[in-house]
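Comments concern the structure below.
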Amino acid sequence: MQFERGVRQVGVVGLLFSLMLLAACGSNPPSRYQQAQDSAPRYQKNVGAVADAVPKVEPRSRGGNKSPYRVFGKQYWVLPNSVGYTATGTASWYGSKFHGHLTSNGETYNMYSMTAAHKSLPIPTYLKVTNLNNGRHVIVRVNDRGPFHGNRLLDLSYAAATKLGYQKQGTAPVRIEAIDPLTWNRAQPKPASIVAQKVLPATTPVVAANTPQTFALSAVPVSTDTDQIFIQVGAFSNFDAARDLKRRLQGVTSEPVKVFLDQQYTPNLHKVQVGPVEDMAVAQQVREIISNNGLGAGLILALPKL
C-alpha cells in the first residue's frame, strides 16, 4: 500500500509538473507570424498618392532566395527567374503587425511602400498586379516571402492594397504579371534632355597597372544611324585587372561586356565597356546599377558603328 501510494504521489507530481510546463509554454508570446490579427494603420495616410514601384535591373538579393526553404513544415522552391511569369489567384495584404520588421531579403517592411510578398518568385521581382474586380492595377516590388495562409497567391503592402481598392475586404482576385525592367524602361517616354556623349581623341596620360583611366567627354547628340551607345567602366594597362572587372560586371548586368585595346588612341590600355545598349534610357539604368554595385561611375559613350 505504501508503495502504491508512493507511485500515485510520483504520478501526481509528474502531472503537476506537466501542467506547469504547459502553462509556461502558453505564457510565451507567439511569434509575429503566428499572431491571429493584423490591422490597418491607426492613423491614415493618403496612400493614393504613393507612387508605384519603378522597375529597374537588380541582382538577386543575398537574403530570401534560398531554395528550397521550409515554413510551417511545408517546403517551397524559388523559381530560377521570373521571365514570362503570370498567375491569377487571391491577394491579401499585411500592415501594422509587420510594419518596421525585416522582410525576407533584410529590408525593413514599410506598409506605405509599394511592395509584395510571394512564395516562389525571385527577390526582387517587379509585378504588375491587377484587381480583377475593378480593373485597377499597380506595380510592386517583391521583397518578402509569403503568404503562408491557405491558397493565397500574393501578400501586398497596405498601400498597394488600398490603391487596388480592397483594403477593407481583406482579399481580392488578382492577376499578376512579372515585369522585365529592361523591356519596361524601353517602353517609357524618353526624356528629351538626355543626350549621349562622345570621347574626345586626346592624349592619354600614363596610368598605373591597376588604376582605371577617366576620359574627358563632350556632349554630342547621338545619331541612331551612325552611333552605338556604350558604358565605359575602366581602362587598365594590366590585362588581368581589366578581365577581373569584366567578370564582375557580368555578374550585375545581362548586357554584353568586352575588353579591348584601342590601337588608334590608347594602344597601351585595355578598355572595359558594357554594350552596345539599345538606347540612352538603358544606358542610364545600367550605369546606375554599375555604380550601386561599387564598380565605378561609368561613362556613357556614343561610338561610331563598325
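From a predicted model like this one, the values you see are computed outputs, not experimental measurements. Starting from 1, each residue takes its place in the sequence as its number.
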Between [X] and [Y], what is the shortest heavy-atom contact and its length?
| X | Y | answer |
| --- | --- | --- |
| R152 | P147 | CB-CG, 3.6 Å |
| R243 | D240 | NH2-OD1, 2.9 Å |
| A161 | W93 | CB-CB, 3.6 Å |
| N134 | L164 | ND2-O, 3.0 Å |
| H270 | V259 | CB-CG1, 3.9 Å |
| S82 | L121 | CB-CD2, 3.9 Å |

With side-chain contact (heavy atoms from CB on, under 4.5 Å) as the criterion, how do V138 and M114 come out once you've worked through the C-alpha distance, each side chain's angles and the decisive distance to 0.1 Å? CA-CA 8 Å; V138 295; M114 298 298 287; 3.7 Å; yes

State whether a side-chain donor-acceptor pair under 3.5 Å links D180 with T183. yes

Derivation and outcome, side-chain contact (heavy atoms from CB on, under 4.5 Å), residues L79 and K119: CA-CA 10 Å; L79 296 172; K119 291 185 283 289; over 6 Å; no

[atom1] of [X] to [atom2] of [Y]: how many Å apart, nearest 0.5 Å?
| X | Y | atom1 | atom2 | result |
| --- | --- | --- | --- | --- |
| I123 | N105 | CD1 | CG | 5.5 Å |
| D155 | Y109 | CG | OH | 8.0 Å |
| E255 | E278 | CD | CD | 8.5 Å |
| L154 | T88 | CG | OG1 | 12.0 Å |
| I231 | E288 | CD1 | CD | 12.0 Å |
| L269 | F260 | CG | CZ | 10.5 Å |

Could you check whether any side-chain heavy atom of [X] comes within less than 4.5 Å of a side-chain heavy atom of [Y], counting everything from C-beta outward?
| X | Y | result |
| --- | --- | --- |
| T253 | I289 | no |
| T86 | R175 | no |
| H137 | E177 | no |
| L127 | V142 | yes |
| S92 | T171 | yes |
| I300 | R287 | yes |
| V57 | Q285 | yes |
| N133 | P173 | yes |

Quick check: does any side chain N or O of [X] sit under 3.5 Å from a backbone N or O of [Y], one acting as donor and the other as acceptor?
| X | Y | value |
| --- | --- | --- |
| N65 | P122 | no |
| S61 | G63 | yes |
| S67 | V78 | yes |
| R186 | V282 | no |
| T162 | Y158 | yes |

Do the side chains of L132 and I176 join up, straight or via other hydrophobic residues, at under 4.5 Å, putting them in one cluster? no

For a ring pair (Phe, Tyr, Trp, His ring centres under 6.0 Å) check, start with the C-alpha distance between Y85 and H118, then their side-chain angles and the critical distance, and finish with the verdict. CA-CA 12 Å; Y85 180 91; H118 192 277; 5.6 Å; yes

Q284 vs N185, test: side-chain contact (heavy atoms from CB on, under 4.5 Å). Steps then yes/no. CA-CA 11 Å; Q284 294 282 11; N185 278 283; over 6 Å; no

Has K66 got its NZ or CZ under 6.0 Å from the middle of the six-membered ring of Y69, at an angle within 45 degrees of the ring axis? no

side-chain contact (heavy atoms from CB on, under 4.5 Å) for R136 and K163? Distances and angles first, verdict last. CA-CA 8 Å; R136 296 184 191 176; K163 290 183 71 173; over 6 Å; no

Can you name the one residue among T115, D52, T125, L156 that meets side chain to side chain contact (heavy atoms under 4.5 Å, CB included) with V140? L156

Linking Ile, Leu, Val, Met, Phe, Trp and Tyr through side-chain heavy atoms less than 4.5 Å apart, which residues share a cluster with V54? Y126, I139, I179, W184

